[in-house]
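Notes to accompany the following structure.
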Amino acid sequence: MTRKILLASAAALALGSGAAMAQDRVIGFSQIGSESGWRAAETTLTRMQAEERGYDLRFSDAQQRQENQIAAIRSFVAQGVDAILLAPVVATGWDSVLQEAHEAEIPVVLLDRMVDSDPSLYLTAVGSDLVHEGEVAGQWLVDEVAGEECRVVELQGTTGSSPAIDRKTGFEQAIAGHDNIQIVRSQTGDFTRALGKEVMESFIQAENGGRDICALYAHNDDMAVGAIQAIKEAGLTPGEDILIVSIDAVPDIFAAMAAGEANATVELTPNMAGPAFDALEAFWADGTEPEKFIQTESRLYTQADDPAGEYEARKDLGY
Ligand code: AHR
């Protein structure tokens, strides 16, 4: 996938597509932070896309704090940027600042996470169907255990974030009606590797040294990678004693899958900026209003899908 993005970007540059028109555009980007490998990749790809299109990208790292994002947006409005990209850490609390950007006639594009504000306050949102991601993960587990009893522990993403809410909902929908599968413990790991490990240690301790856990569902791969470490330290074999399904498809989970230590992941593309910039360029050109939601594709990868090859294909972006 990474190679495809690089090749497509190179081709676009060679053709000069959009780049000349986009010269001198100033874009403010309020990023959540760097909690996960996926987040780092999204930042890298956004910078690459902006550079290729000749934009001046003003980057603000909110370090997981909504108040920092609100301050960054206000600063972008004061600077009179041409557009704002916002990856919102949580779903609520954006109405006032989005209204300010709207009144300043600065288009806002949401990246990867959603807000519960009136959609008229932003131009469009680029992201995947987060409920569907959870459903795909849950359906994989339903098929994998094939009617056997399965006690599941769940590592949730950041509390109040749209992926944490929707991925939980989707997974629960997939296992509903399958009484052999139960979520017995569920806690946030804040999308980080460190907290994923720490919370998994507490799950293991509470569940008979981990022997009563059949599967882990982690809302992202980084938490799964942290949990794999905890499982190994408890003397169990991840991927066998405890099945592991997570979301993102970052290189490290493919390395774990290649080693037999993780079982499945649902891909979330980190290239949200490409579709966002395409929509902005059409809007700037002649006022074309994009769809309110531009959906990116997601698909399931298992150990049968050449995880070593997927690792090689993705590792160069360092995520
Ligand atoms: O919003 C997307 C989620 O945020 C990714 O799944 C996770 O890795 C990141 O922190």
Side-chain angles (χ1 to χ4, degrees), residues 1 29-46 61-66 68-69 85-92 94 109-116 122 125-138 154-171 188-197 199 216-228 244-256 262 264-273 275-276 293-301 314 317-319:
M1 177 207 66
F29 177 22
S30 172
Q31 176 60 293
I32 292 167
S34 51
E35 73 281 0
S36 66
W38 187 91
R39 182 69 50 200
E42 185 191 50
T43 297
T44 301
L45 283 164
T46 304
D61 178 342
Q63 301 187 336
Q64 310 298 317
R65 298 170 76 97
Q66 184 179 33
N68 291 345
Q69 294 203 281
L85 301 183
L86 168 64
V89 62
V90 291
T92 57
W94 299 101
V109 178
L110 305 180
L111 295 189
D112 76 87
R113 295 190 189 179
M114 301 301 129
V115 299
D116 72 353
Y122 54 87
V126 181
S128 70
D129 180 337
L130 299 164
V131 174
H132 178 67
E133 290 175 348
E135 281 171 348
V136 170
E154 178 183 34
L155 285 168
Q156 297 181 36
T158 300
T159 304
S161 69
S162 62
I165 297 164
D166 291 351
R167 288 172 182 170
K168 182 168 186 52
T169 301
F171 188 87
T188 183
D190 209 13
F191 283 129
T192 69
R193 209 171 276 215
L195 209 54
K197 178 170 187 279
V199 176
L216 163 69
Y217 168 46
H219 290 190
N220 81 346
D221 291 341
D222 276 67
M223 293 189 293
V225 170
I228 287 169
I244 295 174
V245 58
S246 53
I247 295 172
D248 275 355
V250 302
D252 283 354
I253 205 71
F254 285 114
T265 186
V266 184
E267 181 176 40
L268 174 69
T269 176
N271 182 25
M272 302 279 164
F293 183 57
I294 300 172
Q295 192 176 325
T296 59
E297 294 303 314
S298 32
R299 62 155 283 198
L300 177 74
Y301 287 87
R314 292 156 196 257
L317 271 178
Y319 72 116

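Start at 1 and go down the list; that is how both ligands and their atoms are numbered. Computed from heavy atoms alone, side chains included, the values below leave out hydrogens, waters and symmetry copies.
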Atom-level proximity to ligand 1, residues with heavy atom under 4.0 Å: E35, S36, W38, R39, D112, R113, P163, R167, F191, N220, D248, L268

Cation over ring face, R167 and F191, 6.0 Å, 45°: no

Basic-acidic side-chain contact under 4.0 Å: R314, E267: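 Judged by the 4.0 Å cut-off on N to carboxylate O distance, R314 and E267 do form a salt bridge.
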
CZ (R299) with more than 12 external heavy atoms under 6.0 Å: yes

With sequence neighbours excluded, residues passing salt bridge (charged side-chain N to carboxylate O under 4.0 Å, His left out) with D222: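 Result, salt bridge (charged side-chain N to carboxylate O under 4.0 Å, His left out) vs D222: R193.
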
Passing candidate, side chain to side chain contact (heavy atoms under 4.5 Å, CB included) with R39, options I32, N220, D248, V250: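 Of all the options given, the one that passes is I32.
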
Parallel, tilted or perpendicular: ring planes of Y301 versus F254, cut at 30 and 60 degrees: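 Ring orientation of Y301 relative to F254: perpendicular.
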
